[in-house]
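The structure displayed is predicted, hence computed values, not measured ones. Here is how names work: the chains are called A, B, and so on, in the same order as the sequence lines, proteins then strands, and each is numbered from 1.
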Amino acid sequence: MRDKHCGLVSGDDIGKVINLAGWVFRRRDHGGLIFIDLRDITGIVQVVFSPDISQGAHERAGDIKQEYVLKITGKVEKRPPETENPNIPTGTVEVLVSSFEILNTSKPLPFQLDEEEPNESLRLKYRYLDLRRPEIQKIFLARHKAYRTTRDYLVNNGFYEIETPFLTKSTPEGARDFIVPSRLNPGMFYALPQSPQLFKQILMIGGFDRYFQIVRCFRDEDLRADRQPEFTQIDIEMSFVDVDDVLAISEGLIMSLYKELKGVPADFQIPRMKYADAMELYGTDKPDLRFGLPLTDITGIFQETEFGVFRKTIEQGGIIKGLVLKGKTLSRKDLDTAVDTAKAMGAGGLIWIRKENDILQSPIVKFLKDEEKSSLSGTFDLSNGDVLFIVADSKDKANDVMGRFRLYLGERFDLIEKGVDRFLWVIDFPLLEYSEEEKRFVARHHPFTSPKESIRNFNGDYESIIARAYDLVLNGVEIGGGSIRNYRMDEQMEMFRLLNIKEEDAVEKFGFLLEALEMGAPPHGGIAFGFDRILMMFLGLESIRDVIPFPKTQKGTCLMTGAPSNIGQKQLNELRIKTVVK
RNA sequence: GGGGUCGUAGUUAAGCCUGGUUAUAACGCCGGCCUGUCACGCCGGAGGCCGCGAGUUCAAUUCUCGUCGACCCCGCCA
């Protein structure tokens, strides 16, 4: 049907008669002469309808409209001098049409492809039109390249690509499962995997040594700008490894992707930070290192304080944390807004202290002793104009609020370094965290994570157990995480014991894994990367929906297909399902 | 479950705060002219339940409440 793609017509074709096919992008009808930019996935080329070439073709070309699908036959010519278009790759040539065929017509589109983006719901409803836009196609070509880069890199490093089931078993820990009713087993349900976690461990026990999969995962949780109910992971598992081995392979993969997608050399080392340090310095387990503003624990300064708020906090075992904003001029309104912002983040209050004419100014300054004031000045090296922000609360709350308040200041006062990417490994996560809701310890990463030291060495102080778990963070966003797993039955059972999961429940839920651990399971560990998030970050996009061809809305619907939808009574009967919603 | 932003021709926006006239513009669409444009140009035209429903008012696109939808955030997301 065609000899070439539109965007690939070049000077080499001059003089040749070729067939092209594509969509009508723009038409410029001069009456006596009609120009059309013909578009396909590779780009656009100008085709010319002139009565000097074909009277008939020129006449019929008057009917051609935007987004018609054309097949044209014509001679490639060098453009006359002064009419070359340096803005497009094919701008030195044009195709003089001798004959053409309208392969399909098009109604006027609900939105223009070459203009300002219409609102997102319209784009999603007519996703096929949105996907025609060259800038959108660029994203999915990049996504395609990322699949290839991932496969090339991992295969070259001895990994085998193996598939795992989508129809699998519901696991109680972690995110809410999507469930699928089983017709053959009425009243029973499959669950879609939140990740192939157990299967990849089984594959290691199955002797495959190194596994990877670019795999869809499903989590029935609320959506966010960077969260979709189905998303893609680069899932990796390796045998006979420890933390450093997994991080090294991961760095290689991330660098390959960075290089491929950003087109810049990437051979930097990714720094590592312990979880405890991240919390202490940045109040979060995923610090954005594109700006400073570290938090400082100043509880020590106020041991003898007469200021009630601080004294009470300390008495109740809480902490006092501060951060200093330097070199910015803050109005009284800025300060008030800052206080409101911190309160909205859950702070009981936010105290600001400003140094002005070598004197500390603050609503609370009258409660502070001279030595407290000079300690603050010294600790934060306060100069005139600097503003110190302080929160006093429980340790977790103070860190959380100050961590988020730090991000607010970073954005509000434009402190974030532009055009740079700051990767960070956060390591040495706690194995457990206490769930107030469930009144028990839950796995911070997942229940199969191995502790750094045997759990038996800890007596009651379970929150201090360090896991061999790690997260990869980019500019304050988690883009991957994993751990070294328990590979011995006794260690895994210890873990379940800590999680207050009864042996019979553990057997009921994960019996196959526990059995497998008893039959020569090798030491193993792995990691999973959020493929969509990586693309979104590397391509500088705002939303995960931008890198997913057919994304869901925040309510989990697909505006193009109308999913989810009702199903007929017949289907419900087959599944033995009764619904209770009208 | 909670907090917030937005919803006006096919599209993108303005008007709304401070209620009242024919609801404005650009692009698109329709008709006409145009042989070197490339976001072609010029002339003319059509196109609106101002998301939906209540309320306040003599009068509501404008104010209030509710509702639906999209988006952002908190909770949630091992």
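- Listed by first and then second residue, the salt bridge (charged side-chain N to carboxylate O under 4.0 Å, His left out) pairs that reach into residues 549-566 of chain A are A:E230-A:K552, sequence neighbours excluded.
- Residues forming a side chain to side chain contact (heavy atoms under 4.5 Å, CB included) with A:E504 (at least two apart in sequence, or on another chain): A:K502.
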For residues 556-565 of chain A, please give each side-chain donor-acceptor pair under 3.5 Å, one per line with the distance, not counting sequence neighbours.
| unit_1 | atom_1 | unit_2 | atom_2 | d |
| --- | --- | --- | --- | --- |
| A:T557 | OG1 | A:T553 | OG1 | 2.8 |
| A:T561 | OG1 | A:A563 | N | 3.2 |

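- Every pair passing side-chain hydrogen bond (donor to acceptor under 3.5 Å, both in side chains) that includes a residue from residues 71-81 of chain A is listed here, sequence neighbours excluded: A:N19-A:T73, A:K78-A:E84.
- Residue contacts for A:R444: at a heavy-atom cut-off of 4.0 Å it reaches the sugar-phosphate backbone alone, with no base atom in range.
- The stretch residues 61-73 of chain A touches RNA chain B through A:K65, A:Q66, each having a heavy atom within less than 4.0 Å of the strand.
- Taking a 4.0 Å limit (strictly below) on heavy-atom distances, residues 44-52 of chain A reaches RNA chain B at A:Q46, A:P51, A:D52.
- Checked against side chain to side chain contact (heavy atoms under 4.5 Å, CB included), A:H30 has the following partners two or more places apart in sequence or in another chain: A:R28, A:L33, A:F35.
- A:I179 meets the side chain to side chain contact (heavy atoms under 4.5 Å, CB included) test with A:D177, A:F189; sequence neighbours excluded.
- Taking the side chain to side chain donor-acceptor pair (under 3.5 Å) definition, one finds that A:D63 meets it with nothing, sequence neighbours left out.
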Only pairs under 3.5 Å count here: list side-chain donor-acceptor contacts from residues 461-474 of chain A, not counting sequence neighbours, and write none if there are none.
| unit_1 | atom_1 | unit_2 | atom_2 | d |
| --- | --- | --- | --- | --- |
| A:D461 | OD2 | A:S464 | OG | 2.9 |
| A:S464 | OG | A:D461 | O | 2.8 |
| A:R468 | NE | A:S450 | OG | 3.0 |
| A:R468 | NH1 | A:D242 | OD1 | 3.2 |
| A:R468 | NH1 | A:D242 | OD2 | 3.1 |
| A:R468 | NH2 | A:S450 | OG | 3.0 |
| A:Y470 | OH | A:S483 | N | 3.3 |
| A:Y470 | OH | A:S483 | O | 3.2 |
| A:Y470 | OH | A:G526 | O | 2.8 |

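- Listed by chain and number, the residues in a side chain to side chain contact (heavy atoms under 4.5 Å, CB included) with A:E494 are A:I455, A:R456, A:R497 (sequence neighbours excluded).
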Inset, instruction - Go along nucleotides 1-10 of chain B 5' to 3' and tag each nucleotide: B for a protein heavy atom under 4.0 Å from its base, S when only backbone or sugar atoms are that close, - otherwise. - result: B--------S
